[in-house]
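Before any comments, here is the structure.
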Amino acid sequence: MGDIQVSNNAMIKAGPEAEKGILKGVEAVGKGLKNLKDNLFGKTGSTILASAASGALIGALTPVPGAVVVGAVAGAAVGTGIALTEKAKEAGKKGASLAASIATGAAAGVVFGLPGLLVVGAGYAFSTGAAQNAAKKVGEFLSKNADKMVAKAAPEQ
Amino acid sequence: MAGYSLVELIDAFYKEAISEQDYLSGLDQQIQNAQRKLAELDKQKIAPADQALWQEELLPGLQAAYEGVIGAASEAKVYAQERKEEVLHGVGILLASVDKIMEFLALRSGLVSESTQKLMAEALNPHSDGLSLESPVSKGSAESSISFLGE
């Protein structure tokens, strides 16, 4: 299994106007980001994610019940309101290859490089057409928008 | 298995807390719900001022997120047959991507009008049964707060 690297405490980095707009948007959406987690993953699912994230052992097939289920998901759940890291710029360049690799189901060792993300070292090939199509679609979207998802790994002090 | 989120559903089955039949049925519901939302996206009326962002980011993002959920749930069905944890890991990869997209969309939703924000909130809420057709272009009242935000 590969290591999992999680960028925690990330903050949004964008141009002043864009950042102002985004922050205003976050305020407008209110508790949205946190509740998005709850709604996507459910209360229990969120707890599982939080638990796995706090252990910083994400993506690994651990004996912790539930952890295996969420695996990489937990990495994305770390740090609410996270956006992306400076590394996302570089990741954006890798986006195309990422999209291509996961589209073919070859997700092994993929470095997503996007906010709060992770390294997944699970050589896994999606077996269903729906999953292969999904991998292609999400990969393309993440790749296309990687530059907009720019943040930094740690807040400026 | 109404009321279970996708992750909860998979987790419950992983822990053998629910039957295979309930698991598969629940996954089918997740797939159908996402497919319904996906199909409704094109029917939405978006305020002119929001069109650019909608076409460029919000719509493609929602489509990718729904496709991701459908793909993850479909792949999760394989686990019922093979019981290989690597299958769940693959599901996790997809869900992580969906999570990222949804987070991005939530942030970008702050840049559009109230009516489109409401639509986005509903679209991003996996517990809603579907999108409200013909989302009002005109401004809604302050009471049109997003249901899942009021928890």
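Being a predicted model, the structure only gives us computed values, none of them experimental.
- With chain A as partner, the option from B:I70, B:V112, B:I101 having the largest number of non-hydrogen pairs under 4.5 angstrom is B:I101.
- Scanning all heavy atoms of the two residues, the minimum distance from A:A130 to B:S74 falls at CB-OG, 3.4 Å.
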Show your reasoning for whether side chain to side chain contact (heavy atoms under 4.5 Å, CB included) applies to A:V138 and B:E67.
CA-CA 8 Å; A:V138 299; B:E67 294 278 7; 5.7 Å; no

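- With a 4.5 Å cut-off on non-hydrogen atoms, B:E56 touches chain A through its backbone and its side chain both.
- Heavy atoms from other residues, nucleotides or ligands lying under 6.0 Å from CD of B:E16 number 12 at most.
- In this structure, the separation between OG on A:S127 and NZ on B:K77 is 11.5 Å, given to the nearest 0.5 Å.
- Formation of a donor-acceptor pair under 3.5 Å by the B:E75 side chain with backbone atoms of A:F126 is not found in this model.
- Across every non-hydrogen atom of A:F141 and B:A64, the tightest pair is CB-CB, 4.0 Å.
- Interface residue B:E57: backbone and side-chain heavy atoms are both found under 4.5 Å from chain A.
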